[in-house]
Amino acid sequence: MELKKYNVDSFNLDHTKVRAPYVRIAAQKVGEKGDVVTKFDVRVTQPNKEFMPTGALHAIEHIVAEYLRDEIEGVIDFSPMGCRTGFYLTLWGDVDEEYVAKHLLPVFKKVSEWSGEIPAANEIQCGNFRDMDLDGAKAFAKKWVEGIERDGWQPFK
């Protein structure tokens with residue numbers, strides 16, 4: 001079946017061939033002054049088979065967004081996918097998947113072992129602070145870590 005091509009990279013990805021967890025370059029843009037921005041697909045669960053409930057997704061986002069900047073320079077954004085199977089990580093620079101996976105690993109390990117308060121999980125700093133599930137976040141982060149350690153970062157083997 002031939003599918004319509006869209007302007008959105010992820011809409012053109014054959015989700016039946018995805019093998020989560022992984023890290024892949026979703027897009028790379030070069031600005032008119034030569035600045036490079038690279039967007040990564042950080043897939044946590046298998047598309048159309050499993051998804052993260054919003055509370056777990058939200059808690060991962062808060063913890064990773066705060067501590068990712070200690071591991072990787074040039075972070076622009078870390079945000080959840082609408083399908084709730086992973087996250088987009090946007091960085092300044094021409095960076096590859098292996099570098100990102102290597103530096104995401106300790107951050108996701110930190111989430112999987114988290115015992116403190118979730119950063120900024122309050123009504124002043126978050127628009128939906130009650131929708132957090134730390135136990136779920138820890139379980140999905142652990143699953144991602146175990147998959148990357150076992151199979152590597154590559155999305156399609």
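Nearest heavy atom pair, residue Leu57 against residue Gly86, reads CD1-O, 4.1 Å. In this structure, Ala56 and Gly136 approach most closely via the heavy-atom pair CB-C, 3.6 Å. Taking both residues in full, the closest heavy atoms of Ala141 and Ser112 are given as CB-N, 3.8 Å, listed atom of the first, atom of the second, then distance. When all heavy atoms are compared, the tightest approach of Glu113 to Lys138 is C-CE, 4.4 Å. For the pair Ala120 and Cys126, the tightest heavy-atom approach, listed with the atom from each and the gap, is O-CB, 3.3 Å. The two residues Ala59 and Asp133 make their nearest non-hydrogen contact at CB-O, 3.8 Å.
For the pair Lys142 and Glu146, the minimum side-chain heavy-atom distance is below 4.5 Å. Between Pro119 and Tyr67 the shortest side-chain heavy-atom distance falls below 4.5 Å. You'll find the side chain of Cys83 stays beyond 4.5 Å of the side chain of His15, heavy atoms only. By the 4.5 Å heavy-atom criterion applied to side chains, Lys109 and Glu149 are counted as neighbours. The shortest side-chain heavy-atom distance between Leu89 and Val23 does not fall under the 4.5 Å cut-off. Taking 4.5 Å as the limit, some side-chain heavy atom of Val95 sits within range of a side-chain heavy atom of Phe40. Residues Pro53 and Phe140 form a side-chain contact, since some pair of their non-hydrogen atoms from C-beta on lies under 4.5 Å apart. Side-chain contact between Tyr88 and Met81 is present, with at least one heavy-atom pair separated by less than 4.5 Å.
Using modelled atom types, no side-chain atom of Gln154 and backbone atom of Tyr22 make a donor-acceptor pair closer than 3.5 Å. Between the side chain of Glu71 and the backbone N or O of Leu104 there is no donor-acceptor pair closer than 3.5 Å. In this structure, the side chain of Lys143 does not engage the main chain of Val44 through any donor-acceptor pair within 3.5 Å. Of the possible donor and acceptor atoms, none in the side chain of Thr85 sits under 3.5 Å from a partner among the backbone N and O of Thr45.
Atom CG in Leu68 sits 11.5 Å away from atom CD in Glu61 (nearest 0.5 Å). The NZ atom of Lys39 lies 12.5 Å from the CD atom of Gln28; values are rounded to the nearest 0.5 Å. The NE2 atom of His58 lies 10.5 Å from the CZ atom of Phe129; values are rounded to the nearest 0.5 Å. Asn122 contributes atom CG, which lies 9.0 Å from atom CE of Met132 (distance to the nearest 0.5 angstrom). Annotation: the span from Ile25 atom CD1 to Glu97 atom CD amounts to 4.0 Å, rounded to 0.5 Å. Taking NE2 from His62 and CD1 from Ile60, the interatomic distance works out to 12.0 Å, rounded to the nearest 0.5 Å.
Ring orientation note: the planes of Tyr99 and His103 are tilted relative to one another, at an angle of 30° to 60°.
The only option from Asp94, Thr90, Leu91 that meets the side-chain contact (heavy atoms from CB on, under 4.5 Å) definition with Val37 turns out to be Thr90.
Other residues, nucleotides and ligands contribute over 12 non-hydrogen atoms within 6.0 Å of the CD atom of Gln46. The environment of CG in Asp77 is crowded: more than 12 heavy-atom neighbours from other residues, nucleotides or ligands sit within 6.0 Å.
Hydrophobic clustering (side-chain heavy atoms under 4.5 Å, transitive across Ile, Leu, Val, Met, Phe, Trp, Tyr) groups Ile63 together with Leu105. Phe51 and Val64 are members of different hydrophobic clusters when ILVMFWY side chains are connected at heavy-atom separations under 4.5 Å.
The residues Lys110 and Glu66 are annotated as not salt-bridged, no charged nitrogen and carboxylate oxygen being separated by less than 4.0 angstrom.
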Inset, instruction - Output, in order, the C-alpha distance, side-chain angles, deciding distance and verdict of salt bridge (charged side-chain N to carboxylate O under 4.0 Å, His left out) for Arg43 and Asp41. - result: CA-CA 6 Å; Arg43 198 64 63 145; Asp41 171 342; 2.7 Å; yes

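Checked against the 6.0 Å centroid threshold, Phe87 and Trp144 do not count as a close aromatic pair.
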